[in-house]
Amino acid sequence: MTESTTWETFTLERPKPGIAVVTLNRPERMNSMTNTMFVELEKVALQLDREDDLRVLILTGAGKAFCGGFDLDDAEDLASLTPMGMLDQQELAARALSAIRSIRVPVIAAVNGAAAGGGLSLSLAADIRIGSPAARFNAAFVRIGLSAGDLGASWHLTRLIGPARAAEFAYTGRFIDAVEAESLGMLNAVVPADSLLDEALAMARLICANSPAGVQLSKRALHANMEVSSYAAALELENRGQALLTRGEDMPEALAAFKDKRSPKFTGR
Ligand SMILES: CCCCCCCCCCCCC[C@H](O)CC(=O)SCCNC(=O)CCNC(=O)[C@H](O)C(C)(C)COP(=O)(O)OP(=O)(O)OC[C@H]1O[C@@H](n2cnc3c(N)ncnc32)[C@H](O)[C@@H]1OP(=O)(O)O
């Protein structure tokens, strides 16, 4: 890893050009989330989103968990909050996860262990999830008097695993292990623990070899089409994206490279 930058709650590393790795770094507390982590995650997401040469963000956890959700040791501090104060608290957390999800480049979660509660929500904010055999997911919310309507979890789960499986998962609060998660599509792949980051980096390098503009507009189309209500609206979004790309540098370069039987040199402009 090169150019390691250490924040209070995670580290930011750049192992390869165009690839950033954010590692949640509170292993003694299962990388549980504090307000400092929410603030730092939003800040780093907005910072990375402004980097023209960023192509992929990988998100993972230090130690044995991916993320244990909200730091329950901080929960008592919230008891004194007014309802509006509590709403501010939720929105602080939601802004952080929304900033991660909205980064214009693909986000790969390398799920190295338990993703519980808000940790599940955080893993779902990624576009792609690769897990080690220790990866496991849990909508812990109902176990502690909260709802699975948490930081986007209910929105993602119904779309990712279907309403009925999302309901069972949310209502029972049971764990889903790596094998079941892969069968449900919550994990794209399960790989040996000692190669989890390498596998995430390998996928990131595949993405980096493609047109940045094409990849980023594909992300926009995939995200937007989870929101639109009709096929016609989806086509309208797709048509605009393709029209934009045909006016960029990458498509002509790709056509020229194909003709010249060489690898394209994409600029993403
Ligand atoms: C009543 C709660 C009120 C909370 C109000 C929050 C509302 C506002 C907050 C803003 C919005 C964010 C909302 C957030 O998304 C909501 C949630 O995340 S709720 C869910 C919270 N998380 C959990 O309930 C998970 C709890 N942990 C576990 O289930 C397990 O620890 C694990 C993560 C599955 C890992 O299991 P194991 O590998 O067996 O490890 P241990 O259980 O032995 O834990 C080791 C060690 O870590 C400590 N720890 C684990 N999780 C947390 C945590 N979330 N917060 C603090 N500390 C945690 C655990 O206590 C052990 O410590 P030790 O005993 O060794 O000192």
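Hydrogens, waters and symmetry mates play no part in the numbers below; they use all other heavy atoms, side chains included. Read the numbers this way: they start at 1 and go in the same order the structure lists the ligands and their atoms.
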Looking at [atom], tell me if a protein heavy atom falls under 4.0 Å from it.
| atom | answer |
| --- | --- |
| atom 22 (N) of ligand 1 | yes |
| atom 54 (N) of ligand 1 | yes |
| atom 64 (O) of ligand 1 | no |
| atom 16 (C) of ligand 1 | yes |
| atom 42 (O) of ligand 1 | no |

Checklist entry - Is there a donor-acceptor pair under 3.5 Å between the side chain of Asn25 and the backbone N or O of Asn31? => result no

Checklist entry - Are any side-chain N or O atoms of Arg55 and backbone N or O atoms of Asp52, one a donor and one an acceptor, separated by less than 3.5 Å? => result yes

Flag [X] as yes when one of its N or O atoms lies below 3.5 Å from any N or O atom of ligand 1, and as no otherwise.
| X | result |
| --- | --- |
| Ile144 | no |
| Gly119 | no |
| Phe38 | no |

Of all the atoms in ligand 1, which lie at a distance below 4.0 Å from a heavy atom belonging to [X]?
| X | value |
| --- | --- |
| Ala140 | 23 (C), 24 (O) |
| Gly117 | 18 (O), 20 (C) |
| Met86 | 7 (C), 8 (C) |
| Glu28 | 47 (O) |
| Gln90 | 7 (C), 8 (C), 11 (C) |
| Gly118 | 15 (O), 17 (C), 18 (O) |
| Leu151 | 12 (C), 15 (O) |

To which protein heavy atom is [atom] closest, and what is the distance rounded to 0.1 Å?
| atom | result |
| --- | --- |
| atom 61 (C) of ligand 1 | Arg29 NH1, 4.5 Å |
| atom 32 (C) of ligand 1 | Ala114 CB, 4.3 Å |
| atom 10 (C) of ligand 1 | Gln89 NE2, 3.5 Å |
| atom 33 (C) of ligand 1 | Gly68 CA, 3.9 Å |
| atom 3 (C) of ligand 1 | Ala75 CB, 3.9 Å |
| atom 28 (C) of ligand 1 | Ala116 CB, 4.9 Å |
| atom 13 (C) of ligand 1 | Asp150 OD1, 3.1 Å |
| atom 34 (C) of ligand 1 | Phe175 CZ, 3.6 Å |

Next on the checklist: Going by side-chain hydrogen bond (donor to acceptor under 3.5 Å, both in side chains), Gln89 matches just one of Asp77, Asp74, Asn35. Which one?
Outcome noted: Asn35

Checklist entry - Rounded to the nearest 0.5 Å, how far apart are CD of Gln47 and CG of Leu12? => result 6.5 Å

Item to check | Atom pair OH/CG of Tyr231 and Asn225 - distance to nearest 0.5 Å | outcome: 10.5 Å

Item to check | Under-4.0 Å heavy-atom contact with ligand 1, by part of Leu92 that carries it | outcome: neither

Next on the checklist: With a heavy-atom distance limit of 4.0 Å, tell me whether Leu78 approaches ligand 1 through its side chain, its backbone, both, or neither.
Outcome noted: side chain

Closest approach of [X] to [Y] (non-hydrogen atoms, all atoms of both residues):
| X | Y | result |
| --- | --- | --- |
| Leu48 | Ala20 | CD2-CB, 4.0 Å |
| Leu24 | Phe66 | CD1-O, 3.6 Å |
| Met186 | Arg129 | O-NE, 2.7 Å |
| Phe266 | Asn210 | CD1-C, 3.5 Å |
| Ser123 | Phe137 | OG-CE2, 3.6 Å |

Checklist entry - Salt bridge check: are Arg95 and Glu91 linked by an N-O gap of less than 4.0 Å? => result no

Checklist entry - Do the charged groups of Glu227 and Arg159 touch, with an N to O distance under 4.0 Å? => result no

Next on the checklist: Just to be sure I'm reading this right: ignoring hydrogens, which of Arg143, Arg136, Lys64 gets closest to atom 35 (C) of ligand 1? Compare them by their nearest heavy atoms.
Outcome noted: Arg136

Item to check | Option with minimal heavy-atom separation from atom 31 (O) of ligand 1, where the choices are Arg26, Met30, Glu91 | outcome: Met30

Item to check | Chi angles and distances behind the side-chain contact (heavy atoms from CB on, under 4.5 Å) call for His223, Asp127 | outcome: CA-CA 9 Å; His223 280 204; Asp127 298 282; 2.8 Å; yes

Checklist entry - Below 4.5 Å, heavy atoms only, C-beta onward: do Val39 and Leu92 meet side chain to side chain? => result yes

Item to check | Candidate pair Arg136 and Glu180, rule salt bridge (Lys or Arg N to Asp or Glu O under 4.0 Å), full reasoning | outcome: CA-CA 9 Å; Arg136 54 191 175 125; Glu180 185 181 5; over 6 Å; no

Checklist entry - Given Asp71 and Thr34, is the side-chain hydrogen bond (donor to acceptor under 3.5 Å, both in side chains) satisfied, shown in steps? => result CA-CA 6 Å; Asp71 186 325; Thr34 59; over 6 Å; no

